[in-house]
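One structure, pasted below without further comment.
Computed over heavy atoms, backbone and side chain alike; hydrogens, waters and symmetry mates excluded. Both counts, for ligands and for their atoms, begin at 1 and track the order of listing. A quick note: this is a predicted structure, and the numbers were derived from the prediction, not measured. Heads up: numbering here begins at 1 and tracks the sequence.
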Amino acid sequence: MALCCLISSGGSPGVTTTALGLALTWPGRVLLAECDPMGRGVLPGFMADRIREPTGPGLLGVAMAAEADPRAAVPLEEYVMPIADDGRVELLHGVRDPRHGVRLAPLWPRLAEVLVERDGDVLADLGRVGGTDTPEDLLKAAHLVVMVLGSTLPQVDAAAPRLDALKELVTDPAAIGLCVIREGSYRASEAERVLHTPVLAELPCSPVDAAVLSDGARPRLTFKSSLLVRSLDGLGRRIRTLMATGSPDDHATGSPGPVAPAAGGRR
Ligand SMILES: Nc1ncnc2c1ncn2[C@@H]1O[C@H](COP(=O)(O)OP(=O)(O)OP(=O)(O)O)[C@@H](O)[C@H]1O
Ligand SMILES: [Mg+2]
């Protein structure tokens, strides 16, 4: 169905936490694919006390299988695992050792094809972009790219050149949006203006609730109705609308420009 890539410009703003929160609040079948060459986060974090069966080799297994048989279809489904009880939300866990990043490079174009054609939506966590190990094939194939950044000057400053490079890379530069985590003095509307990219959602800075997702911390009673979870739900709705129709629904931040149709050709 549709592929949404989540990226950061660096500084660990919370892209893995956001991607996981989106997956867990997604209404239909969804795969969270950890494609950050610098390493995985969900298995040793959120899943640490929830693992009941062997997890398998995840993304590295896919890479090795693809390497062994370059002409066969990439056997993605053999390497994904359920992370919600009803089996609706699945995880392709990422590499543990960043030295394995080199083995991933030949995989990206083939993985991009499989992810785009998968039955169900795919949220791919690419981590920090801009380096030589950035999975560019996934970015090119994505229906929407969401950059997660904190509302601080250093993060906005780091985002600018990376967004410029990204806009050159993707087919439809309008299919790029921001998710701003409110942690500094920079306002989302300012980030939008400076970066010439629409803000799809603002997330609160909620370290206690975020730790439930990033570290598997015990949730408070209010977790499910927390501002963080409600904001993630809102971001998810915005992403789905954009991926399905290319037209904006309500503007989470009252931001101006709609994100234009996400290049129907890439669906
Ligand atoms: N909305 C939020 N509010 C407060 N803290 C958050 C939020 N989102 C994430 N965090 C915290 O930020 C830290 C980093 O989160 P996470 O691992 O998701 O970042 P990342 O961008 O994926 O980093 P990396 O570059 O290491 O992959 C974690 O401690 C997490 O709990
Ligand atoms: Mg991460």
Side-chain angles (χ1 to χ4, degrees), residues 4-25 32-49 58-59 83 91-101 104 123-131 133-135 138-139 145-152 154-159 162-163 166 177-188 191 199-220 222-236 238-239 252-253:
C4 173
C5 288
L6 291 111
I7 60 173
S8 86
S9 61
S12 300
V15 66
T16 301
T17 305
T18 302
L20 175 61
L22 282 170
L24 293 174
T25 53
L32 172 58
E34 280 194 292
C35 301
D36 182 347
M38 291 312 289
R40 67 192 184 189
V42 178
L43 219 50
F46 179 76
M47 287 304 290
D49 291 332
L59 181 64
I83 57 169
L91 171 72
L92 175 67
H93 68 82
V95 294
R96 181 177 175 209
D97 185 341
R99 287 174 297 182
H100 286 138
L104 301 177
L123 300 168
D125 172 5
L126 273 54
R128 180 185 198 142
V129 293
D133 58 356
T134 297
L138 299 186
L139 291 169
V145 180
V146 179
M147 178 179 275
V148 180
L149 72 160
S151 53
T152 64
Q155 292 215 11
V156 172
D157 184 59
R162 289 171 173 84
L163 283 167
L166 187 60
L178 304 175
C179 168
V180 177
I181 298 183
R182 240 180 264 129
E183 59 174 336
S185 55
Y186 222 91
R187 295 219 310 270
V199 173
L200 306 183
E202 270 189 276
L203 301 185
C205 182
S206 309
V208 174
D209 292 321
V212 174
L213 298 166
S214 61
D215 305 347
R218 200 183 162 140
R220 317 189 257 200
T222 53
F223 175 72
K224 282 190 178 163
S225 59
S226 65
L227 182 58
L228 178 63
V229 171
R230 284 184 284 127
S231 305
L232 284 165
D233 194 42
L235 173 61
R238 192 83 203 280
I239 290 174
T253 58

ask   = At their closest point, which heavy atom of Pro37 faces which heavy atom of Leu104, and how far apart are they?
value = CA-CD1, 4.3 Å

Nearest protein heavy atom with distance in Å, relative to atom 22 (O) of ligand 1 = Thr16 OG1, 2.8 Å

note = Atoms of ligand 1 under 4.0 Å from any heavy atom of Leu228, numbered from 1 in the order shown, are 1 (N)

ask   = Any idea which protein heavy atom is nearest atom 4 (C) of ligand 1, and the distance to it?
value = Ser206 N, 3.3 Å

query = Step by step, would you call Ile7 with Thr134 a side chain to side chain contact (heavy atoms under 4.5 Å, CB included)?
reply = CA-CA 10 Å; Ile7 60 173; Thr134 297; over 6 Å; no

ask   = Is the closest heavy-atom distance from Pro207 to ligand 1 below 4.0 Å?
value = yes

query = Has Arg187 got more than 12 heavy atoms of other residues, nucleotides or ligands less than 6.0 Å from its CZ?
reply = no

task = Take every heavy atom of Gly41, measure it against each atom of ligand 1, and state whether any distance is under 4.0 Å.
result = no

query = With side chains defined as the heavy atoms from C-beta onward, is the minimum distance between Met38 and Asp133 less than 4.5 Å?
reply = yes

query = When you measure from the side chain of Ser8 to the backbone N and O of Val148, does any donor-acceptor pair fall under 3.5 Å?
reply = no

task = Check whether any side-chain heavy atom of Glu34 sits under 4.5 Å from a side-chain heavy atom of Thr16, and report yes or no.
result = yes

remark   = Among non-hydrogen protein atoms, atom 20 (P) of ligand 1 lies closest to Val15 N, 3.6 Å

task = Give the residue, atom name and distance (to 0.1 Å) of the protein heavy atom nearest atom 13 (C) of ligand 1.
result = Ser12 O, 4.6 Å

Heteroatom proximity flag, Cys205 to ligand 1, N/O under 3.5 Å = no

Test item, Ser8 contacting ligand 1 (heavy atom, 4.0 angstrom) = no

message = For the CG atom of Leu166 and the CE atom of Met147, what is their distance to the nearest 0.5 Å?
response = 6.5 Å

ask   = With a cut-off of 4.0 Å, which atoms of ligand 1 are near a heavy atom of Thr17?
value = 8 (N), 9 (C), 15 (O), 16 (P), 18 (O), 30 (C)

query = Would you say the side-chain atoms of Arg230 pair up with the backbone N or O of Ser225, donor to acceptor, closer than 3.5 Å?
reply = yes

key: Gap between atom CG of Leu92 and atom SG of Cys35 - 0.5 Å precision   = 6.5 Å

query = For atom 29 (O) of ligand 1, what is the nearest protein heavy atom, given as residue, atom name and distance?
reply = Ser214 OG, 4.0 Å

message = Heavy-atom contact check, 4.0 Å cutoff: does Pro204 meet ligand 1?
response = yes

query = Can you name the side-chain contact (heavy atoms from CB on, under 4.5 Å) partners of Val212, sequence neighbours left out?
reply = Pro219, Phe223

query = Just heavy atoms, cut-off under 4.0 Å: does Asp36 contact ligand 1 by side chain, backbone, both, or neither?
reply = side chain

query = Between Leu178 and Leu200, does a side chain to side chain contact (heavy atoms under 4.5 Å, CB included) hold up when you go through it step by step?
reply = CA-CA 6 Å; Leu178 304 175; Leu200 306 183; over 6 Å; no

note = Gly127 and Val15 have their tightest heavy-atom pair at CA-CG1, 4.2 Å

ask   = Any idea which protein heavy atom is nearest atom 10 (N) of ligand 1, and the distance to it?
value = Ala210 CB, 3.7 Å

request  = List the atom of Leu24, the atom of Ile83, and the distance in Å for their closest heavy-atom pair.
outcome  = CD2-CD1, 4.3 Å

key: Of the protein N/O/S atoms, how many lie under 2.8 Å from the Mg ion (ligand 2)   = 1

